[in-house]
Amino acid sequence: GTQLFGITQDNYLAQCLVNGKDKAKIQPGQQARVTVITHKEITVPAEIAKVALLQDAKSHAYKIWIRLEKNDSSFTSGLFVRAHIELERNEGAIVVPAEYVKERDNRRFVQVVKDGAVCDAWVTTGIRQGTGIELTSGVAPGDLLIASEKVIARDQTVAPVETKME
(Lines give C-alpha, C1' and ligand atoms only; values in the text may rest on other atoms or scores of the structure.)
Protein backbone atom coordinates (compact mmCIF):
# COMPACT_ATOMS: atom_id res chain seq x y z
CA GLY A 1 0.00 0.00 0.00
CA THR A 2 3.03 2.33 0.00
CA GLN A 3 3.38 4.62 -3.02
CA LEU A 4 6.72 3.80 -4.64
CA PHE A 5 6.64 5.92 -7.77
CA GLY A 6 4.78 8.90 -9.14
CA ILE A 7 5.00 11.57 -11.81
CA THR A 8 4.33 15.22 -11.09
CA GLN A 9 3.31 17.88 -13.59
CA ASP A 10 6.24 20.02 -12.40
CA ASN A 11 8.65 19.54 -15.32
CA TYR A 12 7.67 15.87 -15.41
CA LEU A 13 9.74 14.58 -12.53
CA ALA A 14 9.44 10.92 -11.61
CA GLN A 15 9.97 10.20 -7.92
CA CYS A 16 11.49 6.81 -7.18
CA LEU A 17 12.83 4.97 -4.15
CA VAL A 18 16.24 3.26 -4.13
CA ASN A 19 18.09 1.28 -1.48
CA GLY A 20 21.16 2.68 0.26
CA LYS A 21 23.61 0.49 -1.67
CA ASP A 22 22.34 1.76 -5.03
CA LYS A 23 21.93 5.34 -3.79
CA ALA A 24 25.68 5.54 -3.26
CA LYS A 25 26.16 5.01 -7.02
CA ILE A 26 23.55 7.55 -8.19
CA GLN A 27 24.37 11.21 -8.83
CA PRO A 28 22.52 14.18 -10.32
CA GLY A 29 23.16 14.39 -14.05
CA GLN A 30 23.39 10.63 -14.50
CA GLN A 31 21.43 9.25 -17.45
CA ALA A 32 18.44 6.91 -17.01
CA ARG A 33 15.57 5.34 -18.94
CA VAL A 34 12.12 5.63 -17.44
CA THR A 35 9.18 3.46 -18.44
CA VAL A 36 5.91 5.24 -17.71
CA ILE A 37 2.92 2.94 -17.34
CA THR A 38 -0.17 4.57 -18.85
CA HIS A 39 -2.66 2.68 -21.04
CA LYS A 40 0.56 1.34 -22.60
CA GLU A 41 4.20 1.38 -21.48
CA ILE A 42 6.17 4.36 -22.80
CA THR A 43 9.96 4.46 -22.30
CA VAL A 44 11.66 7.85 -22.41
CA PRO A 45 15.22 9.07 -21.79
CA ALA A 46 15.72 10.82 -18.47
CA GLU A 47 18.30 12.33 -16.16
CA ILE A 48 18.73 12.16 -12.38
CA ALA A 49 17.69 15.58 -11.05
CA LYS A 50 18.07 15.18 -7.29
CA VAL A 51 19.05 12.54 -4.73
CA ALA A 52 17.71 12.79 -1.18
CA LEU A 53 20.27 12.88 1.60
CA LEU A 54 17.95 11.42 4.22
CA GLN A 55 16.35 8.00 4.30
CA ASP A 56 12.54 7.78 4.11
CA ALA A 57 11.26 6.90 7.60
CA LYS A 58 8.60 4.45 6.36
CA SER A 59 10.37 2.56 3.60
CA HIS A 60 14.00 2.98 4.76
CA ALA A 61 14.82 3.85 1.14
CA TYR A 62 16.09 7.06 -0.43
CA LYS A 63 14.03 9.23 -2.76
CA ILE A 64 15.43 10.26 -6.10
CA TRP A 65 13.85 12.57 -8.65
CA ILE A 66 14.32 11.87 -12.33
CA ARG A 67 13.61 14.52 -15.00
CA LEU A 68 11.92 13.05 -18.07
CA GLU A 69 13.45 14.39 -21.28
CA LYS A 70 10.38 13.65 -23.42
CA ASN A 71 6.71 14.07 -22.63
CA ASP A 72 3.62 12.31 -23.87
CA SER A 73 0.05 13.58 -23.78
CA SER A 74 -0.94 10.50 -21.73
CA PHE A 75 1.37 11.44 -18.82
CA THR A 76 -0.52 12.57 -15.74
CA SER A 77 0.22 12.88 -12.05
CA GLY A 78 0.20 9.64 -10.07
CA LEU A 79 1.26 7.21 -12.80
CA PHE A 80 3.62 4.37 -11.99
CA VAL A 81 7.10 4.34 -13.47
CA ARG A 82 10.03 1.94 -13.65
CA ALA A 83 13.49 3.52 -13.79
CA HIS A 84 16.54 1.88 -15.34
CA ILE A 85 19.78 3.46 -14.16
CA GLU A 86 23.13 2.02 -15.17
CA LEU A 87 25.07 1.75 -11.91
CA GLU A 88 28.23 0.07 -13.19
CA ARG A 89 29.73 -0.99 -16.50
CA ASN A 90 32.61 -3.28 -17.33
CA GLU A 91 33.17 -3.64 -21.07
CA GLY A 92 35.64 -6.55 -20.87
CA ALA A 93 33.73 -8.60 -18.32
CA ILE A 94 33.31 -12.35 -18.42
CA VAL A 95 29.62 -12.90 -17.68
CA VAL A 96 28.04 -16.32 -17.17
CA PRO A 97 24.55 -17.47 -16.19
CA ALA A 98 24.38 -17.23 -12.38
CA GLU A 99 23.32 -20.88 -12.01
CA TYR A 100 26.73 -22.01 -13.36
CA VAL A 101 28.42 -20.53 -10.28
CA LYS A 102 28.46 -23.11 -7.49
CA GLU A 103 29.47 -22.83 -3.85
CA ARG A 104 31.53 -25.03 -1.54
CA ASP A 105 32.92 -24.08 1.89
CA ASN A 106 31.64 -20.50 1.44
CA ARG A 107 33.73 -20.13 -1.74
CA ARG A 108 32.39 -19.80 -5.27
CA PHE A 109 33.58 -21.86 -8.21
CA VAL A 110 32.74 -22.80 -11.76
CA GLN A 111 33.70 -26.01 -13.46
CA VAL A 112 35.97 -25.93 -16.48
CA VAL A 113 37.61 -28.47 -18.77
CA LYS A 114 41.41 -28.69 -18.65
CA ASP A 115 43.30 -31.40 -20.51
CA GLY A 116 40.04 -33.30 -21.12
CA ALA A 117 39.05 -33.47 -17.44
CA VAL A 118 36.70 -31.55 -15.16
CA CYS A 119 38.38 -29.04 -12.82
CA ASP A 120 37.00 -26.62 -10.27
CA ALA A 121 38.04 -23.01 -10.82
CA TRP A 122 37.64 -20.82 -7.73
CA VAL A 123 36.21 -17.49 -8.83
CA THR A 124 35.50 -14.04 -7.52
CA THR A 125 32.20 -12.60 -8.67
CA GLY A 126 31.32 -9.01 -9.45
CA ILE A 127 28.29 -7.29 -10.91
CA ARG A 128 25.07 -9.29 -11.08
CA GLN A 129 22.38 -8.24 -13.53
CA GLY A 130 19.32 -10.22 -14.37
CA THR A 131 20.37 -13.84 -14.79
CA GLY A 132 24.05 -13.12 -15.45
CA ILE A 133 26.95 -12.70 -13.05
CA GLU A 134 30.41 -11.27 -13.73
CA LEU A 135 33.49 -13.38 -12.97
CA THR A 136 36.29 -11.00 -11.96
CA SER A 137 38.96 -13.64 -11.33
CA GLY A 138 39.56 -17.37 -11.61
CA VAL A 139 38.80 -17.81 -15.32
CA ALA A 140 40.08 -16.24 -18.52
CA PRO A 141 38.64 -15.71 -21.99
CA GLY A 142 38.94 -18.98 -23.87
CA ASP A 143 38.53 -21.26 -20.84
CA LEU A 144 35.99 -24.03 -21.49
CA LEU A 145 33.24 -23.56 -18.92
CA ILE A 146 30.94 -26.48 -18.14
CA ALA A 147 27.44 -25.10 -18.72
CA SER A 148 25.57 -26.93 -16.00
CA GLU A 149 23.87 -26.21 -12.71
CA LYS A 150 24.96 -29.63 -11.45
CA VAL A 151 28.34 -30.32 -9.91
CA ILE A 152 30.29 -32.85 -11.94
CA ALA A 153 32.90 -35.04 -10.25
CA ARG A 154 36.38 -33.54 -10.45
CA ASP A 155 38.90 -35.27 -12.72
CA GLN A 156 36.09 -36.93 -14.68
CA THR A 157 37.07 -37.27 -18.34
CA VAL A 158 34.83 -35.31 -20.68
CA ALA A 159 34.64 -34.58 -24.38
CA PRO A 160 33.43 -30.98 -24.50
CA VAL A 161 31.23 -29.53 -27.17
CA GLU A 162 32.19 -25.89 -27.56
CA THR A 163 29.41 -23.31 -27.74
CA LYS A 164 30.07 -19.59 -27.77
CA MET A 165 27.84 -17.37 -25.62
CA GLU A 166 27.06 -13.76 -26.45
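What you see is a predicted model; the values in this text were computed from it and never measured. Heads up: numbering here begins at 1 and tracks the sequence.
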- Message: For a 4.5 angstrom cut-off between non-hydrogen side-chain atoms, does Arg67 reach Lys50?
- Response: no
- Item | Ionic contact status for Asp120 with Arg104, cut-off 4.0 Å | yes
- Message: Give me the atom names and distance for the closest heavy-atom approach of Ser74 to Asp72.
- Response: OG-OD1, 2.6 Å
- Note on the structure: On a heavy-atom basis, the closest approach of Ala32 and Ile48 is CB-CD1, 4.5 Å
- Within a strict 4.5 Å, meaning less than it, do heavy atoms of the Val95 and Ile133 side chains meet? no
- Under the criterion side-chain contact (heavy atoms from CB on, under 4.5 Å), which of Val151, Val158, Val101 is the partner of Gln111? Val151
- Task: With rounding to the nearest 0.5 Å, note down the distance linking CG in Leu79 to NE2 in His39.
- Result: 11.0 Å
- Task: Report the distance from atom CG of Asn71 to atom CD1 of Ile42, rounding to the nearest 0.5 Å.
- Result: 10.5 Å
- Message: Quick check: do Ile146 and Val113 have side-chain heavy atoms less than 4.5 Å from each other?
- Response: yes
- Glu149/Lys102 ion pair, N-O < 4.0 Å: no
- Message: Val81 vs Ile37, test: side-chain contact (heavy atoms from CB on, under 4.5 Å). Steps then yes/no.
- Response: CA-CA 6 Å; Val81 299; Ile37 302 162; over 6 Å; no
- Query: If you round to the nearest 0.5 Å, how far is NZ of Lys63 from CG of Asp56?
  - Reply: 5.0 Å
- Any side-chain heavy atom of Gln27 within less than 4.5 Å of one from Val51? no
- Message: Please give me the minimum heavy-atom distance between Leu17 and Ser59, naming the atom from each residue.
- Response: CD1-OG, 3.8 Å
- Message: Within the 4.5 Å heavy-atom criterion, are Val34 and His84 side-chain neighbours or not?
- Response: no
- Note on the structure: Rounding to 0.5 Å, atoms OH (Tyr12) and OG (Ser77) come to a distance of 10.0 Å
- Task: Please round to the nearest 0.5 Å and tell me the distance separating atom CD1 of Ile152 and atom SG of Cys119.
- Result: 11.5 Å
- Query: For Lys25, does the NZ atom sit with more than 12 other heavy atoms under 6.0 Å from it, leaving out its own atoms?
  - Reply: yes
- Using the side-chain contact (heavy atoms from CB on, under 4.5 Å) rule, take Leu135 and Val110 through it: C-alpha gap first, then chi angles, then the decisive distance, then the call. CA-CA 10 Å; Leu135 302 180; Val110 294; 4.2 Å; yes
- Task: Report the C-alpha distance between Leu87 and Asp22 in whole Å, list the side-chain angles of each, state the deciding distance to 0.1 Å, and finish with yes or no for side-chain contact (heavy atoms from CB on, under 4.5 Å).
- Result: CA-CA 7 Å; Leu87 300 177; Asp22 291 340; 3.3 Å; yes
- Without swapping roles, check the side chain of Glu69 against the backbone of Val44 for a donor-acceptor pair under 3.5 Å. no
- Taking it one step at a time, do Val36 and Leu68 satisfy side-chain contact (heavy atoms from CB on, under 4.5 Å)? CA-CA 10 Å; Val36 182; Leu68 305 184; 4.2 Å; yes
- Message: Within this structure, what is the CG-CG distance for the pair Leu145 and Asp143, rounded to the nearest 0.5 Å?
- Response: 8.5 Å
- Nearest heavy atoms of Ala83 and Cys16, plus distance in Å: CB-SG, 4.0 Å
- Compare every heavy atom of Ala98 with every heavy atom of Arg128, then report the nearest pair and how far apart it is. NH2-CB, 3.2 Å
- Of Ile66, Ile85, Thr43, the one forming a side-chain contact (heavy atoms from CB on, under 4.5 Å) with Arg33 is Thr43
- Message: On a heavy-atom basis, which atom in Tyr62 and which in Asn19 lie closest, and how many Å separate them?
- Response: CD1-C, 4.3 Å
